[in-house]
2 protein chains.
Amino acid sequence: MNTPERLIESTQELLWERGYVGTSPRAIQQRAGVGQGSMYHHFAGKPDLALAAVRRTAERMRAQAEAQLSGPGTAVERIRDYLLRERDVLRGCPIGRLTQDPDVVGDPALRQPVEETFAWLRGRLAAVLAEGRAGGELPADLDAEDTAAAVVAVLQGGYVLARAADSVEPFDRAISGVLALLTARAAPATG
Amino acid sequence: MNTPERLIESTQELLWERGYVGTSPRAIQQRAGVGQGSMYHHFAGKPDLALAAVRRTAERMRAQAEAQLSGPGTAVERIRDYLLRERDVLRGCPIGRLTQDPDVVGDPALRQPVEETFAWLRGRLAAVLAEGRAGGELPADLDAEDTAAAVVAVLQGGYVLARAADSVEPFDRAISGVLALLTARAAPATG
DNA sequence: GTCTATACGCTGATAGAC
DNA sequence: GTCTATCAGCGTATAGAC
């Protein structure tokens with residue numbers, strides 16, 4: 001693989017593991033097997049490289065979600081598929097973890113892809129829920145956007161609980177809990 | 001206030017704002033208005049001070065939750081009170097944010113108060129939910145522990161979404177969403 | 001494109017005077 | 001208890017040779 005590509009992937013990994021503050025140019029270079037001068041030839045510096053890495057990660061996350069949400073099945077089934085997708089839970093969410101980094105949240109350029117990713121995800125889930133409501137699968141009084149926000153929040157919060165416990169158990173419970181609440185309100189699709 | 005106290009409070013603030021990796025002894029000293037030697041006289045070093053600060057923050061968080069959850073009202077009302085309590089949403093959760101810090105999660109001593117706090121909170125919420133179920137307020141098939149995990153996760157994930165959006169809107173929606181799902185399953189208390 | 005050299009402030013301490 | 005050295009190493013670059 002070429003040098004810029006290796007640098008971006010190393011940065012993606014390190015941002016996921018250690019966040020922005022915890023990731024040094026030196027560590028990126030070492031993981032990529034690339035020299036100092038080489039890194040600064042291809043990228044202006046740490047913020048520039050981080051931006052490329054975050055955009056790449058955001059794209060990937062969105063594509064994965066879309067794969068589940070546009071699959072076959074009823075609305076509730078697709079949301080269940082998305083929530084129960086295999087995940088490396090203890091690593092947490094590579095985008096969500098960036099929200100804890102003041103240098104990311106404080107830089108509009110770096111925060112933008114993070115904001116857009118969650119905005120898109122909430123919108124996409126809301127659309128699926130609205131579909132289910134229109135088909136009679138979900139009750140008419142269900143607020144699609146609020147429910148979508150709750151679903152995304154359960155995922156993100158589930159990662160937090162799992163890392164706190166050093167165990168996937170609370171994550172699995174949280175997902176089960178929200179799915180039970182949602183399916184209790186669901187009826188077989190009619191439309 | 002005395003010196004150790006000022007150091008602990010400064011560390012609490014900095015851990016909340018910048019996390020463990022982003023918090024330096026020097027910054028702690030400056031915020032506390034305390035000299036280098038003074039800090040190392042009272043504490044063995046950064047991990048020691050962080051441990052004291054995290055324990056203090058965990059106690060406080062637990063006391064605040066207990067105040068809402070042991071208040072008056074039905075089970076669902078108390079959970080609603082807890083979720084709708086006034087919060088500085090964009091600052092995030094001072095305990096939850098630590099789960100993104102590999103140096104915290106990787107150190108058993110530092111992770112312990114974080115784990116215990118969430119274990120306690122889930123248990124406390126589960127007890128309230130079980131109460132509501134026993135009184136007929138909540139359906140007999142509701143899993144108290146799964147639902148409790150989902151409720152805590154919505155809160156923690158709500159902070160993530162709010163910080164991503166630089167707005168409380170997604171937090172408020174997530175809380176409304178989960179409350180709507182929960183109260184749709186609730187009937188007036190009978191026991 | 002990649003390498004080495006150089007720089008300066010910060011990190012996280014320890015030592016010892018007062 | 002608090003203060004002022006002092007320190008080795010890291011963070012985040014820039015400069016210029018090859």
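As a basis for the values below, the full set of heavy atoms in this structure was taken, side chains included, without hydrogen atoms, waters or symmetry mates. Below, read A as the first sequence line, B as the second, and so on, with proteins coming before strands; counting in each chain starts at 1.
- A salt bridge is absent between Glu116(B) and Arg55(B): the closest approach of a Lys/Arg side-chain nitrogen to an acidic carboxylate oxygen does not fall below 4.0 angstrom.
- Checked for salt-bridge contact, Glu137(A) and Arg133(A) miss the test: no charged N lies under 4.0 Å from a carboxylate O.
- The local environment of CZ in Arg85(B) is crowded, with over 12 non-hydrogen atoms from other residues, nucleotides or ligands closer than 6.0 Å.
- Residue Gly35(B) is in sugar-phosphate contact alone, with no base atom involved, counting any heavy-atom pair closer than 4.0 Å across all strands shown.
- Among Asp146(B), Asp143(B), Leu181(B), Val151(B), the one residue that satisfies the side-chain contact (heavy atoms from CB on, under 4.5 Å) test with Leu181(A) is Leu181(B).
- At a threshold of 4.0 Å, the pair Arg78(A)-Glu131(A) counts as salt-bridged, since one of the basic side-chain nitrogens sits closer than that to a carboxylate oxygen.
- Glu13(A) is linked by a side chain to side chain contact (heavy atoms under 4.5 Å, CB included) to Glu17(A), Arg31(A), counting only residues two or more places apart in sequence or in another chain.
- Where DNA chain D meets chain B (any atom under 4.0 Å from a heavy atom), the bounding nucleotides read 5' to 3' are dG1(D) to dT4(D).
- No hydrogens or angles considered: nothing links the side chains of Arg97(B) and Tyr159(B) as a donor-acceptor pair under 3.5 Å.
- The stretch residues 4-30 of chain B touches DNA chain C through Thr23(B), Ser24(B), Pro25(B), Arg26(B), each having a heavy atom within less than 4.0 Å of the strand.
- In this structure, a donor-acceptor pair under 3.5 Å is present between the side chains of Gln29(B) and Gln36(B).
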